[in-house]
Colleague: 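Provided herewith is a single structure, encoded as structure tokens, for subsequent inquiry.
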Protein chains: 2
Amino acid sequence: MGFPETFKALSDPVRREILVMLKRGKMPAGEIGQHFDMTGATISYHLSQLKKAGLIFETKYKNYVYYEINVSVFEEIMLWFSQFNGGKQDGEKE
Amino acid sequence: MGFPETFKALSDPVRREILVMLKRGKMPAGEIGQHFDMTGATISYHLSQLKKAGLIFETKYKNYVYYEINVSVFEEIMLWFSQFNGGKQDGEKE
DNA sequence: TTTCTATTTAGAATTTCATCTAAATACATT
DNA sequence: AATGTATTTAGATGAAATTCTAAATAGAAA
């Protein structure tokens with residue numbers, strides 16, 4: 001965990017797309033992989049990067065591994081960004 | 001511009017530190033470089049990445065190139081992140 | 001227990017990135 | 001015009017990241 005891994009993890013378009021997919025709820029690795037034209041091994045690599053960054057976590061059921069978004073880390077990142085717009089929040093008036 | 005370049009630019013610790021430095025106001029390339037143990041050429045490379053991402057912009061005066069934060073791009077990024085915490089803003093109650 | 005399905009790990013190939021040195025450009029000053 | 005200072009560009013190099021194939025692991029189902 002820590003900002004370096006987090007920002008590194010977010011720098012890849014495939015990983016950002018995975019995060020967007022997971023907004024709707026938890027999903028097993030195989031189903032995530034079906035949305036991409038890559039091998040399961042590559043998807044597994046991306047999932048491990050997201051996990052290492054604390055952006056997602058996994059739970060196991062039967063022979064599936066489900067992945068899920070870790071909301072609290074997104075809150076930390078938002079906080080980092082807010083230093084640049086004067087603490088002003090989305091939708092707030094000037 | 002576009003998210004891919006923006007997130008890529010943010011993935012490097014040196015570039016994030018440059019952004020933090022620029023919070024206080026515009027600064028010439030040379031002065032930015034003094035804070036790092038790297039050649040001016042490398043700093044110039046990082047500045048070009050940040051500029052390409054739209055995170056900073058430059059203005060020239062005499063033989064100096066001043067760099068400055070582009071706040072509006074940060075607002076776009078915040079908006080992207082807000083999709084993950086249910087649109088809830090920093091400091092907002094549950 | 002054997003076989004099947006889901007996922008990860010290991011190792012290799014390729015690409016991209018960060019950094020340096022040296023040279024080029026741009027403008028200022030003398 | 002000549003020299004000096006600030007910055008960028010070009011090209012090279014080593015390190016890191018992404019991807020694949022093949023093999024390994026884990027658990028389910030037969």
Side-chain angles (χ1 to χ4, degrees), chain A residues 1-22 24-70 73 77, chain B residues 1-22 24-70:
Chain A
M1 297 190 225
F3 279 122
E5 292 98 327
T6 304
F7 280 106
K8 188 63 92 174
L10 287 166
S11 72
D12 186 89
V14 171
R15 292 194 286 264
R16 288 198 302 277
E17 200 172 335
I18 290 174
L19 291 173
V20 172
M21 288 173 58
L22 292 180
R24 310 193 50 163
K26 66 180 61 168
M27 193 176 284
E31 193 178 336
I32 295 170
Q34 287 174 355
H35 291 70
F36 299 92
D37 187 21
M38 313 177 150
T39 66
T42 298
I43 296 298
S44 184
Y45 162 75
H46 284 304
L47 290 170
S48 76
Q49 299 301 108
L50 288 168
K51 195 172 56 175
K52 202 172 62 173
L55 287 162
I56 61 175
F57 60 93
E58 66 183 31
T59 51
K60 297 179 184 185
Y61 179 68
K62 294 198 168 177
N63 52 345
Y64 298 90
V65 179
Y66 287 85
Y67 285 96
E68 191 169 351
I69 281 192
N70 181 10
V73 172
I77 300 170
Chain B
M1 303 188 221
F3 279 123
E5 292 96 331
T6 305
F7 280 105
K8 188 63 94 176
L10 288 166
S11 71
D12 186 87
V14 170
R15 291 192 289 262
R16 288 197 302 278
E17 199 172 336
I18 290 175
L19 291 173
V20 172
M21 288 173 58
L22 292 179
R24 310 193 51 166
K26 68 180 60 168
M27 192 176 284
E31 193 177 333
I32 295 171
Q34 286 174 354
H35 290 71
F36 298 93
D37 187 19
M38 312 176 152
T39 66
T42 298
I43 295 300
S44 184
Y45 161 76
H46 285 303
L47 290 169
S48 76
Q49 298 300 108
L50 288 168
K51 196 172 57 175
K52 204 172 62 174
L55 287 162
I56 62 175
F57 60 92
E58 67 182 29
T59 51
K60 298 179 184 186
Y61 179 67
K62 295 198 169 177
N63 53 344
Y64 298 91
V65 180
Y66 287 85
Y67 286 96
E68 191 169 351
I69 280 192
N70 180 9

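Throughout, a chain's letter reflects where its sequence line sits, starting with A, and its residues are numbered from 1.
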Colleague: For the backbone of B:L10 and the side chain of B:R15, can you confirm whether one donor and one acceptor N or O come within less than 3.5 Å of each other?
Modeller: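 No; judged by distance alone, with no hydrogens or angles, the pair does not exist.
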Colleague: Return whichever of B:G30 or A:M38 has its heavy-atom-nearest nucleotide of DNA chain D closer to the 5' end.
Modeller: B:G30
Colleague: Counting side-chain heavy atoms from C-beta on, which of D:dT18, C:dT19, D:dT8 comes nearest to B:V65?
Modeller: D:dT8
Colleague: Rounded to the nearest Å, what distance is computed from the CG atom of residue A:N63 to the C1' atom of nucleotide C:dT8?
Modeller: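 Nearest whole value for this atom pair: 13 Å.
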Colleague: Answer with base, sugar-phosphate or nothing: what part of the nucleic acid does B:A29 contact at a heavy-atom distance below 4.0 Å?
Modeller: sugar-phosphate
Colleague: For a quick test of reading the model: is some side-chain N or O of A:Y67 closer than 4.0 Å to OP1 or OP2 of C:dT8?
Modeller: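 For C:dT8, OP1 or OP2 has a side-chain N or O of A:Y67 closer than 4.0 Å.
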Colleague: Tell me: NZ of B:K52 to P of D:dT9, nearest whole Å?
Modeller: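 Atom-to-atom, B:K52 to D:dT9, this comes out as 12 Å.
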Colleague: Any side-chain N or O of A:T39 below 4.0 angstrom from OP1/OP2 of D:dT19?
Modeller: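 Indeed not, no polar side-chain atom of A:T39 lies that close.
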Colleague: Reckon B:H46 has a side-chain N or O less than 4.0 Å from the OP1 or OP2 of C:dT19?
Modeller: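 For C:dT19, OP1/OP2 do have a side-chain N/O of B:H46 under 4.0 Å.
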Colleague: Could you state the atom-to-atom distance from CD of B:E31 to P of D:dT7 in whole Å?
Modeller: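 Going from B:E31 (CD) to D:dT7 (P), I get 9 Å.
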Colleague: Whole-Å distance between C:dT8 P and A:L47 CG?
Modeller: 6 Å
Colleague: Does C:dA6 have OP1 or OP2 sitting under 4.0 Å from an N or O in the side chain of A:K62?
Modeller: no
Colleague: Given C:dT8, is OP1 or OP2 found less than 4.0 Å from the side-chain N or O atoms of A:S44?
Modeller: yes
